[in-house]
Amino acid sequence: MNLEAAATNSNFIRNIVLDDLATGKVRAVVTRFPPEPNGYLHIGHAKSICLNFELAQEVGGQTNLRFDDTNPSKEDEEFVKAIQEDVTWLGFTWNQLCFASDYFEEMYERAVLLIQKGLAYVCDLTPEEMRTLRGTLTTPGQESPYRRRTMEENLDLFQRMRSGEFPDGSKVLRAKIDMTSPNINLRDPVLYRIAHATHHRTGDLWRIYPMYDFAHPLEDAIEGVTHSICTLEFEDHRPLYDWVIEQCEMPSRPRQYEFARLNLTNTVMSKRKLKQLVEEGVVDGWDDPRMPTISGLRRRGYTPEAIRSFAREIGVAKSNSVVDAHMLEYFVREDLKMKALRTMAVLRPLKVVITNYPEGESEWLEAENNAENPALGARLIPFSREIYIEQDDFMESPPPKYFRLFPGNEVRLKHAYFIRCEEVVKDAAGRVVELRCTYDPETKSGTGFAGRKVKGTLHWVDASHAKAAQFRLIEPLILDDVDEAGDDLLGRLNPRSMEVVEGYVEEGLEIAGSDKFQFFRHGYFSVDSRLTSPELPVFNLTVSLKSSFQL
RNA sequence: UGGGGAGUAGCCAAGUGGUAAGGCAACGGACUUUGACUCCGUCACUCGCAGGUUCGAUCCCUGCCUCCCCAGCCA
């Protein structure tokens with residue numbers, strides 16, 4: 001795939017931007033990524049981040065990282081830090097770091113302006129009363145009895161709301177628009193609510209906080225954002241967005257455009273649900289390698305490049321869709337293919353004794369680190385009389401077309417020799433515990449031996465130099481097709497989302513200067529940043545290799 | 001029964017009044033010291049459905065169908 005071409009994949013938002021530039025409607029493009037710091041970023045956010053940053057980048061524009069921190073009861077500094085780390089890790093640099101809370105004073109002034117223009121009023125209705133008067137989808141709403149308060153009274157009340165005179169929930173500031181609008185968002189929406197909560201940045205300075213519908217357009221306008229990109233559910237808020245910009249007399253005129261959020265098969269993509277998994281201890285944190293969070297993907301071994309390529313390739317459109325998770329996997333494999341050292345690990349060891357190999361002797365064999373990328377060099381691996389192979393690579397009575405090891409069969413040991421299975425050793429229970437094989441010195445790797453061919457090539461680890469390691473085999477945390485699970489998230493948990501096995505890796509992997517490896521015939525693995533130790537390295541399965549093999 | 005959106009292959013997704021890009025998946029075959037990779041090939045006579053306009057419609061018009069979103073003092 002041509003990355004340059006992919007970077008300029010056509011999509012409707014890009015077309016709008018290009019057109020705005022061509023017609024002179026805007027001179028320079030400014031976008032923004034506006035997360036609320038109430039959770040960690042996930043792969044769905046990555047789609048938005050890539051869209052905003054890459055689009056601006058393409059046309060020489062700017063992108064701000066702006067925290068939409070207008071609800072202190074849900075937000076936290078921890079998330080502010082994590083979000084910045086994730087955006088940076090993805091490879092983006094924002095032009096300005098902004099906080100909606102930095103604009104609270106200006107927002108307040110704009111609200112006062114609305115009151116002065118007779119376009120906003122303080123309303124004492126209870127939430128229940130307000131809901132009742134709002135009407136329904138098919139019936140118009142009715143005006144609040146407080147709608148006719150005088151401008152002076154509204155100004156006074158709003159100021160007193162600010163000063164903390166009233167308890168939470170007792171009053172709100174509402175826009176005066178149209179209670180009969182077929183668009184419910186225009187039925188006198190709430191602009192400010194009272195919240196005696198400590199804000200992570202402004203502390204106890206404010207007792208009133210602006211609502212999204214009021215704050216967001218102002219934030220965009222204040223920053224000079226030209227293209228405010230958000231998701232589909234905000235589509236019918238756009239008239240209100242425009243109303244706020246217009247009536248608050250903002251000099252700058254941002255436009256809102258909506259696209260479909262990312263959905264992935266076997267993945268939950270809502271902060272609320274991800275938070276639930278964290279809080280109920282289903283996972284070991286937001287960065288659990290099974291989580292679709294940026295930090296989880298990072299810990300699992302995904303690369304920023306892979307995520308960016310994925311984001312470009314899935315496109316940007318307005319129809320609700322569910323992307324096959326195979327696509328995401330494809331892009332990590334693609335990225336790691338040339339980067340990762342291709343080494344050997346045995347996940348479920350079976351001992352093999354090479355009976356004709358001299359006892360007490362060993363030799364060092366040369367192995368290239370990545371056959372497709374010579375720049376990655378080569379290493380020496382030990383070989384001796386006892387090695388481990390994969391339990392799955394032996395069957396006592398195999399089906400047809402099984403070309404791994406079985407009694408009498410000969411296979412190649414990657415980077416080493418051909419071996420033939422001569423004898424099977426079992427324990428009292430009849431389980432195979434050891435294989436006794438012979439090797440043929442003439443078949444040594446690299447000698448160009450062509451005397452005969454074998455169908456199978458196995459990976460292995462020398463027993464005397466093997467390093468014990470733990471492997472965490474990851475599968476989807478949440479399954480799509482669970483009968484009768486309904487909306488019960490926990491009912492959709494995959495019982496096999498993580499299988500932990502212990503086996504061996506080649507010695508010396510820790511000094512390879514990388515935390516990502518391909519383990520031959522298994523897949524790509526990454527050192528777990530939290531669990532690994534010098535005594536027992538721990539690897540997470542980033543993604544398995546494709547395989548057409550089936551028994 | 002209100003308003004706002006969307007329907008192009010199994011999944012994403014371009015596209016335009018001139019005869020359906022690309023990617024993922026899948027399936028054949030070649031190659032192979034990874035049952036991987038790579039390579040070659042296959043995969044929409046048709047763009048939700050029905051009419052209409054036109055020399056010609058996925059694109060324009062009309063009607064219909066299906067799906068998604070909206071009744072937080074969340075974002």
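The structure displayed is predicted, hence computed values, not measured ones.
Counting only Watson-Crick and G-U wobble pairs whose two distances sit under 3.5 Å, RNA chain B takes part in these stems of three or more pairs: B:2-7 with B:65-70, B:10-12 with B:22-24, B:26-30 with B:38-42, B:48-52 with B:60-64.
Projected onto RNA chain B by closest heavy-atom contact, His216(A) and Met327(A) fall at different nucleotides, the more 5' of which corresponds to Met327(A). RNA chain B is contacted by both Val190(A) and Ile314(A); Ile314(A) maps to the nucleotide lying nearer its 5′ end (nearest heavy atom per residue).
A salt bridge links Arg379(A) to Glu506(A): at least one charged side-chain nitrogen sits closer than 4.0 Å to a carboxylate oxygen. Glu372(A) has no carboxylate O lying under 4.0 Å from a charged side-chain N of Lys337(A), or vice versa, which leaves the two without a salt bridge. With respect to the salt-bridge test (charged N to carboxylate O, under 4.0 angstrom), the residues Asp124(A) and Arg149(A) qualify. In summary, Glu223(A) and Arg32(A) do not engage in a salt bridge, as defined by a charged side-chain N under 4.0 Å from a carboxylate O.
rG22(B) and rG41(B) have their P atoms separated by 12 Å, given to the nearest Å. On the C1' atoms, rC70(B) is 49 Å away from rG28(B), given to the nearest whole Å. When the C1' atom is used for both rG2(B) and rU46(B), the distance is 36 Å, rounded to whole Å. Comparing the C1' positions of rA71(B) and rA13(B) gives a spacing of 34 Å, expressed to the nearest Å. Rounded to whole Å, the separation between the C1' atoms of rA26(B) and rC69(B) comes to 34 Å. To the nearest whole angstrom, the two P atoms, one in rA21(B) and one in rU53(B), are 29 Å apart. For the P atoms, the distance from rG52(B) to rU58(B) is 14 Å, rounded to whole Å. For the P atoms, the distance from rC24(B) to rC67(B) is 32 Å, rounded to whole Å.
At the heavy-atom level, Thr139(A) lies nowhere under 4.0 Å from the strands shown. Nucleic acid contact class of Leu137(A) (heavy atoms, under 4.0 Å, all strands): base. Nucleic acid contact class of Met211(A) (heavy atoms, under 4.0 Å, all strands): sugar-phosphate only. Contacts of Leu125(A) with the nucleic acid, taken as non-hydrogen atoms under 4.0 Å apart, include base atoms. Using a 4.0 Å heavy-atom criterion, one finds that Tyr209(A) contacts no nucleic acid atom at all.
Side-chain contact of Gln256(A) with Tyr241(A): a donor-acceptor pair under 3.5 Å is absent, judged by distance alone. In this structure, a donor-acceptor pair under 3.5 Å is present between the side chains of His237(A) and Asp213(A).
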Are there any protein N/O atoms within less than 3.5 Å of an N/O atom in nucleotides 57-60 of chain B, and if so, which ones and at what distance?
none

Can you name the atoms? Protein N/O to nucleotides 4-7 of chain B N/O, anything below 3.5 Å, with the distance.
{"residue": "rG5(B)", "atom": "O2'", "partner": "Glu235(A)", "partner atom": "OE1", "Å": "3.3"}

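Between Trp460(A) and Phe383(A), the ring-plane angle classifies as perpendicular under the 30° and 60° cut-offs.
Nucleotide rA75(B) holds its P atom 12 Å from the OH atom of Tyr192(A), rounded to whole Å. Rounding to whole angstrom units, CG of residue Leu262(A) and P of rC24(B) are separated by 17 Å.
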Counting primed atoms, P, OP1 and OP2 as sugar-phosphate and everything else as base, the B/S/- map of nucleotides 30-36 of chain B against protein heavy atoms under 4.0 Å is ---BBBB
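Heavy-atom minimum distance, Lys171(A) versus Leu157(A): CE-CG, 3.9 Å.
Phe99(A) carries Arg201(A) over the face of its six-membered ring, with the cationic atom under 6.0 Å from the centre and within 45° of the normal. Cation-pi geometry between Arg160(A) and Phe166(A) is not satisfied (NZ or CZ under 6.0 Å from the ring centre, within 45° of the ring normal).
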With a cut-off of 3.5 Å and sequence neighbours excluded, list every side-chain donor-acceptor pair involving residues 319-329 of chain A.
{"residue": "Asp324(A)", "atom": "OD1", "partner": "His326(A)", "partner atom": "N", "Å": "2.9"}

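For the segment residues 159-176 of chain A, the set of residues with a heavy atom within less than 4.0 Å of an atom of RNA chain B comprises Gly169(A), Val172(A), in numerical order.
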